[in-house]
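Data block below; observations after.
These values consider heavy atoms only, across backbone and side chains, with no hydrogens, waters or symmetry-generated copies. The residues of the chain are indexed from 1 along the displayed sequence.
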Amino acid sequence: RIAIIDPESYSVIGHIVCPDMSVESGSTEQMVQCGEKVYVCCWSYQNRIMRIDTASDRVDGVLTVGCQPREIAVDARGKLWVLTDGGYPGSPAGYEAPALYRIDTEEFRVERMFRMEIGNDVSGLCMAENGNMLYWIDGGIWRMPIDSDRLPDAPVIPTRDTKYFGLTVSPYDGDIYVADAIDYQQPGVIYRYTAEGDLIGSFTVGVNPTAFCWK
């Protein structure tokens, strides 16, 4: 279930029950709001996107996508983008190539699917350029306009012998910030690149830098 929290009292005032899910068979991960609906990735051992009506705080729709939808974003046209990681070999939920899905929020249906290579470790889906450009991690850093009809041929930032673990694009100047977890034990490093993929600089942070927030 998903907790409903009153931000003034910082107390739990209710819960939204997630259908067909248990501790053993799934988890909810990222969520995003578009209009009066909130869309939630059902990730671990799942293949669904839940739609929550914010007026009633109830799940009013479920859409099937690929194996393990991990991250979600909304673009400038009000379309949802979902990144699935494809699971892992031997998973009871299946194992397939990761993919990007574009979802029409009006009809709540999949419009396009962009299939990647099986076994790729994908993450970090985010929007930039006022919701007109997608970025994600797949070894290197990849970028694609929301109106593209195919995946790009090469990353904007090439793969390094390390572990990119988080990604964001500055809403102020378009610079790309990439979190490097290195070995998950020592302090991580944040690399800053121009929109063209040129390294500007770096700085050290805590262990396992995962996510960013812009004020």
Side-chain angles (χ1 to χ4, degrees), residues 7 28-35 37-41 43 49 69-85 98-103 105 111-112 114 116 120-215:
T28 53
E29 295 287 329
Q30 285 193 1
M31 61 180 68
V32 66
Q33 183 166 356
C34 184
K37 306 291 185 179
V38 170
Y39 299 86
V40 185
C41 287
W43 177 61
I49 303 298
R70 181 170 183 168
E71 290 161 345
I72 190 168
V74 60
D75 70 18
R77 299 175 182 175
K79 306 288 186 179
L80 290 180
W81 289 83
V82 173
L83 182 65
T84 63
D85 65 24
L100 265 174
Y101 288 81
R102 189 178 73 204
I103 297 170
T105 53
E111 285 187 335
R112 290 292 306 270
F114 301 86
M116 302 173 185
N120 286 15
D121 185 9
V122 299
S123 64
L125 179 67
C126 62
M127 287 285 171
E129 298 183 20
N130 297 317
N132 290 295
M133 190 74 70
L134 283 163
Y135 285 79
W136 69 92
I137 301 170
D138 184 359
I141 309 302
W142 297 75
R143 175 173 62 194
M144 185 178 80
I146 62 172
D147 58 358
S148 178
D149 59 0
R150 65 186 182 91
L151 292 172
D153 295 324
V156 63
I157 299 173
T159 303
R160 293 164 52 105
D161 185 22
T162 187
K163 176 59 182 176
Y164 290 146
F165 209 52
L167 173 66
T168 191
V169 180
S170 168
Y172 305 109
D173 55 22
D175 286 349
I176 304 166
Y177 290 75
V178 186
D180 183 354
I182 306 177
D183 59 3
Y184 306 105
Q185 299 180 41
Q186 61 182 293
V189 175
I190 306 301
Y191 293 99
R192 180 185 177 193
Y193 294 86
T194 66
E196 290 72 37
D198 299 320
L199 182 64
I200 298 173
S202 63
F203 52 92
T204 301
V205 291
V207 177
N208 289 359
T210 304
F212 298 85
C213 178
W214 289 95
K215 293 183 67 176

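- The two residues Tyr135 and Ala128 come nearest to each other via the heavy atoms CE1-CB, 3.5 Å.
- Expressed to the nearest 0.5 Å, how far CG of Leu134 lies from CD of Glu129 amounts to 10.5 Å.
- Distance check, rounded to the nearest 0.5 Å: OG of Ser202 to OH of Tyr177 gives 12.0 Å.
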| field | Full working for side chain to side chain contact (heavy atoms under 4.5 Å, CB included) between Ile49 and Cys41 | value | CA-CA 5 Å; Ile49 303 298; Cys41 287; 4.0 Å; yes
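- Minimum interatomic distance between Trp142 and Ala154 (heavy atoms only, all atoms of both residues): CZ3-C, 3.4 Å.
- Judged purely by atom type and a 3.5 angstrom limit, Asp138 has no side-chain atom pairing as donor or acceptor with the backbone of Ile141.
- Ring geometry for Phe165 against Tyr184 counts as perpendicular: the plane angle is over 60°, on a 0 to 90° scale with 30° as the lower cut.
- Checked against side-chain contact (heavy atoms from CB on, under 4.5 Å), Gln30 has the following partners two or more places apart in sequence or in another chain: Glu71, Ile72.
- A heavy-atom distance below 4.5 Å is not found between the side chains of Val178 and Ile190.
- Summarising the geometry of Tyr39 relative to Cys34, their closest heavy-atom pair is CE1-CB, 3.9 Å, with the distance given to 0.1 Å.
- Atom CG of Leu167 and atom OG of Ser123 lie 8.0 Å apart (nearest 0.5 Å).
- Ion pair Arg102/Asp147 not flagged as a salt bridge, since none of the NZ, NE, NH1 or NH2 atoms sits closer than 4.0 Å to an Asp/Glu carboxylate oxygen.
- Atom OG1 of Thr194 is separated from atom CG of Asp175 by 7.0 Å, given to the nearest 0.5 angstrom.
- Here Leu125 contributes atom CG and Ile137 contributes atom CD1; the two are 10.0 Å apart, rounded to the nearest 0.5 Å.
- Lys163 and Asp121 are joined by a salt bridge, as a carboxylate oxygen and a charged side-chain nitrogen come within less than 4.0 angstrom of each other.
- Scanning all heavy atoms of the two residues, the minimum distance from Ala76 to Asn132 falls at CB-OD1, 3.7 Å.
- Across every non-hydrogen atom of Gly131 and Asp75, the tightest pair is O-CB, 3.2 Å.
- Here the CZ-CG distance, from Arg192 to Asp173, works out to 5.5 Å after rounding to the nearest 0.5 Å.
- Counting heavy atoms from C-beta outward, Tyr101 and Thr84 have side chains that approach closer than 4.5 Å.
- No side-chain donor-acceptor contact under 3.5 Å links Arg112 to the backbone of Leu100.
- Side chain of Thr159 to backbone of Gly140: a donor-acceptor contact under 3.5 angstrom is found.
- Closest heavy-atom contact between Gly188 and Ile182: CA-CD1, 4.4 Å.
- Ion pairing of Glu111 with Lys79 is present here, as a side-chain N (NZ or NE/NH1/NH2) and a carboxylate O approach within less than 4.0 Å.
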Please list every donor-acceptor pair under 3.5 Å in which a side-chain atom of residues 203-215 meets a protein atom from a residue at least two apart or in another chain.
| unit_1 | atom_1 | unit_2 | atom_2 | d |
| --- | --- | --- | --- | --- |
| Thr210 | OG1 | Asn208 | O | 2.9 |
| Trp214 | NE1 | Thr168 | OG1 | 2.8 |

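- Residues satisfying the side-chain contact (heavy atoms from CB on, under 4.5 Å) test with Gln33, not counting sequence neighbours, are Val38, Thr54.
- Considering Val32, Val74, Ile103, Ile146 in turn, Ile146 is the only one that fulfils the side chain to side chain contact (heavy atoms under 4.5 Å, CB included) rule with Trp81.
- Using modelled atom types, one side-chain atom of Arg70 and one backbone atom of Val122 make a donor-acceptor pair closer than 3.5 Å.
- A donor-acceptor distance shorter than 3.5 angstrom exists from the side chain of Thr105 to the backbone of Gly78, with no hydrogens or angles considered.
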